[in-house]
Amino acid sequence: MTPNPRSSRFITFEGIEGSGKTTQIQMLSNHLEEREIDHVLTREPGGTPIGDQIRRLVLDPGNADMTPICDLLLYAAARAQHIEQVIRPALEAGRLVLCDRFKDATFAYQGYGRGIRLDLIDALHDLETLALRPDLTLLFDIDASVALERARDRDSGGPRDETRFEQQDLDFHERVRSGYLEMARQEPARFVVLDARGRIEEVHRRVLHVIAKHLPVREARA
Ligand code: TMP
């Protein structure tokens, strides 16, 4: 089964740190902009002023003692705000929404990574505001050690706000990666797993190929 052909309006990008998904979502957004294709580019945690404040909290390396449940609820809180203020209004207006991470990240990081029960995370997302599913999810898959190397190179020398998760050991990132792959196996109609190795331009071409199949014809040309 292929994911929701030609009707995807809510598209999420997922993957472990260093998988290149943020670069790729930005490149896709530029590509659409050049073609004057209306869309919203947003991210989690973040996307709203409150979400950005939560982002600073959850990513602050000084908050290494944050408990797993506190962490989970903060991501969910940011998401509720984001869905209500940004994502749903955009989708209701018929706009295309590209989101850098969404609730699969909570299952992957807080669930598979940090060991919170998946049924608990699931139950939390039954709340009406949180019960929104992407039409299409691109999973950027890459070996965890290669990805971490990339993430560290990217961040070395500059100010960085994302150290808390990079401080986690390789095992953690491997659990996150296999969690993502497991979810992709369980929901083949929504996920497309992309090989995130190789040059940025090559991966971009892979993204365009997938997107062309899932947007209305008018928007499909690469
Ligand atoms: P980023 O790497 O996409 O900027 O995401 C920031 C960090 O937030 C990344 O380490 C993954 C983490 N995260 C979670 O742990 N749970 C979530 O639900 C989300 C959205 C992000």
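Start at 1 and go down the list; that is how both ligands and their atoms are numbered. None of the values given here were measured: they were computed from a predicted structure. Numbers here are sequence positions counted from 1.
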Would a 4.5 Å heavy-atom cut-off, applied to side chains only, mark Thr106 and Arg79 as touching? yes
Mind checking whether Tyr109 has an N or O less than 3.5 Å away from an N or O of ligand 1? no
Under 3.5 Å between some N or O of ligand 1 and some N or O of Thr22? no
Between the side chains of Arg88 and Glu84, is the shortest nitrogen-to-carboxylate-oxygen separation below 4.0 Å, so that they form an ion pair? no
Whether Arg55 lies under 4.0 Å from ligand 1, heavy atom: yes
Presence of salt bridge, Asp38 and Arg95, under 4.0 angstrom: yes
Has Glu149 got more than 12 heavy atoms of other residues, nucleotides or ligands less than 6.0 Å from its CD? no
Look at the aromatic rings of Phe107 and His125 and report parallel, tilted or perpendicular, splitting at 30° and 60°. tilted
Does Arg185 pair with Glu182 as a salt bridge, N-O distance under 4.0 Å? yes
Against heavy atoms of Leu59, which atoms of ligand 1 measure under 4.0 Å? 6 (C), 7 (C), 8 (O)
Looking at ligand 1, is there an atom of it that comes within less than 4.0 Å of some heavy atom belonging to Lys21? yes
Using a strict 4.0 Å cut-off to heavy atoms of Glu44, name the atoms of ligand 1 that fall inside it. 20 (C)
Identity of the nearest option to atom 10 (O) of ligand 1, non-hydrogen atoms only, from Lys103, Arg114, Glu17: Glu17
Counting from 1 in the order shown, the ligand 1 atoms closer than 4.0 Å to a non-hydrogen atom of Thr106 are 17 (C), 18 (O)
Would you call Val207 and Met27 a side-chain contact if the rule is heavy atoms closer than 4.5 Å? no
Could you tell me, atom by atom, which parts of ligand 1 come under 4.0 Å of a heavy atom of Arg79? 18 (O), 20 (C)
